[in-house]
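What follows is a short report on a single structure.
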Amino acid sequence: MIKRLEEALREAGELFLKGYRAPKEVRHKGTVDLVTQYDVAIEERLIKRLGELFPKYQVVGEESGDAEKRPQKAIYLDPIDGTTNFVHTIPFCAISLGIWEENTPIAAAVYNPVLDELFVAQKGAGAFLNGQRLAVSDTADLQQSLLATGFPYTKVNKGRDYRWVLQSMANLLPHTQDIRRLGSAALDLCYVARGIYDGFYECNLKPWDVAAGILLVEEAGGRVSDWRGEPYRLGDPVIVASNGKNHDKIIQKLADYEEA
Ligand code: IPD
Ligand code: CA
Ligand code: CA
């Protein structure tokens, strides 16, 4: 399964790279939510290829799918995670693909063609970057933890998500080494798996943003939960991922999502 996923991603990666270097047509899906012709073309190409390779699975892709859909055998696909970076030629963007069966992740692949970094994981078989096994960091001290986060597009209406982002940042920032916002949730999760970040949290992510990264973190020895420390389910309002050792300390500082 992983070999076939890798081949499909490397193929699609050629189109990604062509688009990354070329002038693009940029449209707005929302006030700040961008989409290019490459998001659409990569998704179309991968849906066709994945249909040939894995006919029993239903693809739920960002550009053509429904974020509420949870097929029994699903492939959650983000053709470009980090489109804003892609548009601005910041090399932190990737194709993300997570295979789930009955609400459990079984295989994952995240490919950043710009840096030629291919992250893969299979349930029970570990997580790898370009063939090298990954392991989370072992920093238990929150003050020495480098965290990452993201700002959902829903912040622009200055509602609950906006308040939660600001409150959580105010609570956490003084107690961490620092907080990064690089702009691709899929890669943020890969960087937790890789031990570069000690933790990551964000609200309002969609299944295609996290379906692959969750398995990568878990297979690298980390922990993924919701904002209360309960098991994370696709569609939950907040995701928290960490090396496991500092997890409860991150959760204690996050704002209460329901009261934000
Ligand atoms: C976005 C990225 C970003 C996160 C946003 C996502 P997109 O995905 O993952 O890091 O902060 O919440 O929507 O739109 O570039 O596919
Ligand atoms: Ca995304
Ligand atoms: Ca996307």
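Reckoned from all heavy atoms, side chains included, excluding hydrogens, waters and symmetry mates. Atoms within a ligand are numbered from 1 in the order they appear, just like the ligands themselves.
- Counting heavy atoms under 4.0 Å from ligand 1, residue Leu205 touches it through the side chain alone.
- Annotation for ligand 1: atoms under 4.0 Å from non-hydrogen atoms of Glu62 are 16 (O).
- Residue-ligand proximity, Asp209 to ligand 1, at heavy-atom distances under 4.0 Å covers atoms 8 (O).
- Listed by chain and number, Asp78 OD2, Asp81 OD1, Asp209 OD1 are the protein N/O/S atoms closer than 3.0 Å to the Ca ion (ligand 2), with waters left out.
- Heavy atoms from both the backbone and the side chain of Ala185 come within less than 4.0 Å of ligand 1.
- Listed by atom number, the atoms of ligand 1 under 4.0 Å from Ile80 heavy atoms are 16 (O).
- Residue-level proximity to ligand 1 for Lys206 is absent, since no heavy atom of it falls below 4.0 angstrom.
- A cation-pi contact, defined as under 6.0 Å to the ring centre and within 45° of the axis, is absent between Lys155 and Tyr162.
- By the criterion of a heavy-atom distance under 4.0 Å, the backbone of Phe151, and not its side chain, is placed next to ligand 1.
- Figure legend: cation-pi geometry between Lys18 and Tyr38 absent, as NZ or CZ is not positioned both under 6.0 Å from the six-membered ring centre and within 45° of its axis.
- Cluster annotation: Leu187 and Leu9 are assigned to distinct hydrophobic clusters (Ile/Leu/Val/Met/Phe/Trp/Tyr, side-chain heavy-atom contacts under 4.5 Å, transitive).
- Near Asp81, the atoms of ligand 1 lying under 4.0 angstrom from a non-hydrogen atom of the residue are 1 (C), 2 (C), 7 (P), 8 (O), 9 (O), 15 (O), 16 (O).
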